[in-house]
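Following: one structure in structure tokens, then a few remarks.
Positions are given from 1, in the same order as the sequence printed here. Computed from a predicted model, the values in this text were never measured in an experiment. One-based numbering, in listed order, for ligands and for the atoms of each.
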Amino acid sequence: MTTTQLIQQIQTKKSFLCIGLDVDLEKIPPHLLASEDPIFEFNKAIIDATHDLCVSYKPNTAFYEAYGVKGWMALQRTIDYLNQNYPEQFTIADAKRGDIGNTSGRYAKAFFEDMAFDSVTVAPYMGKDSVEPFLEFEGKHTILLALTSNEGAFDFQTLTCDNQELYKKVIATSKGWKNSQQLMYVVGATKAEYLAEIRQIIPDSFLLVPGVGAQGGSLEEVWHYGKNDSVGLLVNSSRGIIYAASGLDFAEKAREEALKLQQEMAKLLA
Ligand SMILES: O=c1ccn([C@@H]2O[C@H](COP(=O)(O)O)[C@@H](O)[C@H]2O)c(=O)[nH]1
């Protein structure tokens, strides 16, 4: 999916919501555990109930890898289901990969070609040659971790390096990489006030902003500091939506939570 198509979806749906599909078998409704593939059945119900309220879905691969082969198969079924039934959704494999070049190339092939995700999250720590193999895939997006939502972000990301904070150096340097127009960046909603300075470095790039909902980030602040002329934001909530209830009405309740965020977004977009 191109960013132009993503922007059109945001305008049509009046939403820049990304729903995180972080499936934990200990948290999903117990009645689903009797099915052959509870992870997929849970995702399918959540997707069917919320697809008109969001523009993106983000399975975090850790929640699938945790269940071995069965988890990977559920992830494959989930991305296939999205691509077949809701191709207008921007799909994100939140895998936080990155390795020496030839290995990164294999990760990119796995997520872009084999699983056909639109994008994958990548850690920048190993530098240019670890990220450029992802950027070689035309029409796909690489979402670079810039300033993350967790407390540990202050351990390294905000340290000064060459007279600027490391996360700013990562963002500024990455602009010089081949096919950098295919980059997006992760910035945590819990650090919304940092978005103003980040926007000075990358005024036009899309930002994936996790941390609204369970982590307490403010949607209004993210909007205030982070929006650009074409919105430029994908705001993610996972637990706050998908675990709204654990009874037979779980998907309905998830929809109610997604609707609350979408309605707030529609007001901001008006
Ligand atoms: O800085 C980051 C980067 C990634 N994440 C991921 O986003 C979701 C957030 O889930 P919630 O349940 O809405 O807190 C999850 O998959 C994280 O691994 C992040 O939170 N912060």
Side-chain angles (χ1 to χ4, degrees), residues 15-28 39 42-43 46-47 50 53-67 71 74-75 78-79 90-98 111 117 119-125 141-158 165-168 170-171 183-195 198 205-219 221-222 225-226 233-246 250 253-254 256-258 260-262 264-265:
S15 172
F16 44 98
L17 178 61
C18 167
I19 297 183
L21 299 172
D22 295 355
V23 187
D24 180 341
L25 287 179
E26 287 175 21
K27 288 190 183 156
I28 69 172
I39 300 176
F42 179 77
N43 282 346
I46 296 283
I47 293 165
T50 57
L53 303 173
C54 66
V55 294
S56 175
Y57 286 99
K58 180 179 81 62
N60 187 315
T61 59
F63 289 83
Y64 300 82
E65 292 172 61
Y67 300 110
L75 180 60
T78 301
I79 184 64
F90 182 76
T91 55
I92 302 169
D94 192 357
K96 300 183 182 69
R97 298 300 149 108
F111 290 108
F117 275 94
S119 65
V120 63
T121 56
V122 170
Y125 196 72
H141 302 270
T142 300
I143 311 182
L144 209 58
L145 298 183
L147 185 61
T148 54
S149 65
N150 58 325
E151 195 54 33
F154 298 114
D155 288 349
F156 304 120
Q157 295 166 25
T158 52
E165 287 116 309
L166 182 59
Y167 73 93
K168 287 187 189 166
V170 165
I171 296 171
L183 281 170
M184 298 180 176
Y185 299 87
V186 174
V187 180
T190 51
K191 302 187 175 64
E193 66 278 13
Y194 289 74
L195 282 163
I198 288 172
S205 303
F206 256 92
L207 306 178
L208 169 63
V209 187
V212 162
Q215 296 179 54
S218 153
L219 174 59
E221 282 182 24
V222 168
Y225 293 111
L233 296 170
L234 285 174
V235 171
N236 176 85
S237 174
S238 308
R239 288 166 291 177
I241 293 177
I242 67 174
Y243 299 127
S246 59
F250 72 98
K253 296 289 183 202
E256 285 172 19
E257 291 307 313
K260 282 183 207 162
L261 280 172
Q262 185 275 326
E264 268 187 70
M265 290 177 177

**OP:** Among all protein heavy atoms, pick out the one at the shortest distance from atom 7 (O) of ligand 1; state its residue, atom name and that distance to 0.1 Å.
**Re:** K58 NZ, 3.2 Å
Original post:
Among protein heavy atoms, which sits nearest to atom 21 (N) of ligand 1, and what does the distance come to when rounded to 0.1 Å?
Top reply: S149 OG, 2.6 Å
Original post:
Just by modelled atom types, is the D24 backbone N or O under 3.5 Å from a matching donor or acceptor in the Y243 side chain?
Top reply: yes
Original post:
Are Y167 and F156 an aromatic pair by the rule of ring centers under 6.0 Å?
Top reply: no
Original post:
In the protein, what heavy atom is nearest to atom 12 (O) of ligand 1, and what distance, to one decimal place, separates them?
Top reply: R239 NE, 2.6 Å
Original post:
Looking only at N/O atoms, are T148 and ligand 1 under 3.5 Å apart anywhere?
Top reply: no
Original post:
Is it the side chain, the backbone, both or neither of N236 that has a heavy atom closer than 4.0 Å to ligand 1?
Top reply: side chain
Original post:
Quick one: does S238 get an N or O within less than 3.5 Å of an N or O on ligand 1?
Top reply: yes
Original post:
Can the ring centres of F90 and H141 be said to be less than 6.0 Å apart?
Top reply: yes
Subject >> From V209, V235, N60, I19 - option closest to atom 17 (C) of ligand 1 by heavy atom >> reply: N60
Original post:
Is there a salt bridge (Lys or Arg N to Asp or Glu O under 4.0 Å) between E65 and R97 once you walk through the steps?
Top reply: CA-CA 13 Å; E65 292 172 61; R97 298 300 149 108; 2.6 Å; yes
**OP:** Can you figure out which of D22, N150, I143 has its heavy atom closest to atom 15 (C) of ligand 1?
**Re:** D22
**OP:** Check each atom of ligand 1 against the heavy atoms of D94 and keep those under 4.0 Å away; list them by number with element.
**Re:** 4 (C), 6 (C), 16 (O)
Original post:
What's the shortest distance from atom 4 (C) of ligand 1 to any protein heavy atom, and which residue and atom give it?
Top reply: K96 NZ, 3.4 Å
Original post:
What is the distance from atom CZ of F63 to atom CG of N43, rounded to the nearest 0.5 Å?
Top reply: 11.5 Å
**OP:** Could you tell me which atoms of ligand 1, counted from 1 in the order shown, lie closer than 4.0 angstrom to a heavy atom of S237?
**Re:** 13 (O)
**OP:** State whether E165 and K191 are salt-bridged, where the test is any N-O pair (Lys NZ or Arg NE/NH1/NH2 against Asp/Glu carboxylate O) under 4.0 Å.
**Re:** no
Original post:
Just by distance, with hydrogens left out, do T190 and Q215 show a side-chain donor and acceptor under 3.5 Å apart?
Top reply: no
Original post:
Which residue owns the protein heavy atom closest to atom 20 (O) of ligand 1, what's the atom, and how far is it?
Top reply: Q215 NE2, 2.7 Å
Original post:
Side chains of T50 and Y57: is there a donor and an acceptor less than 3.5 Å apart?
Top reply: yes
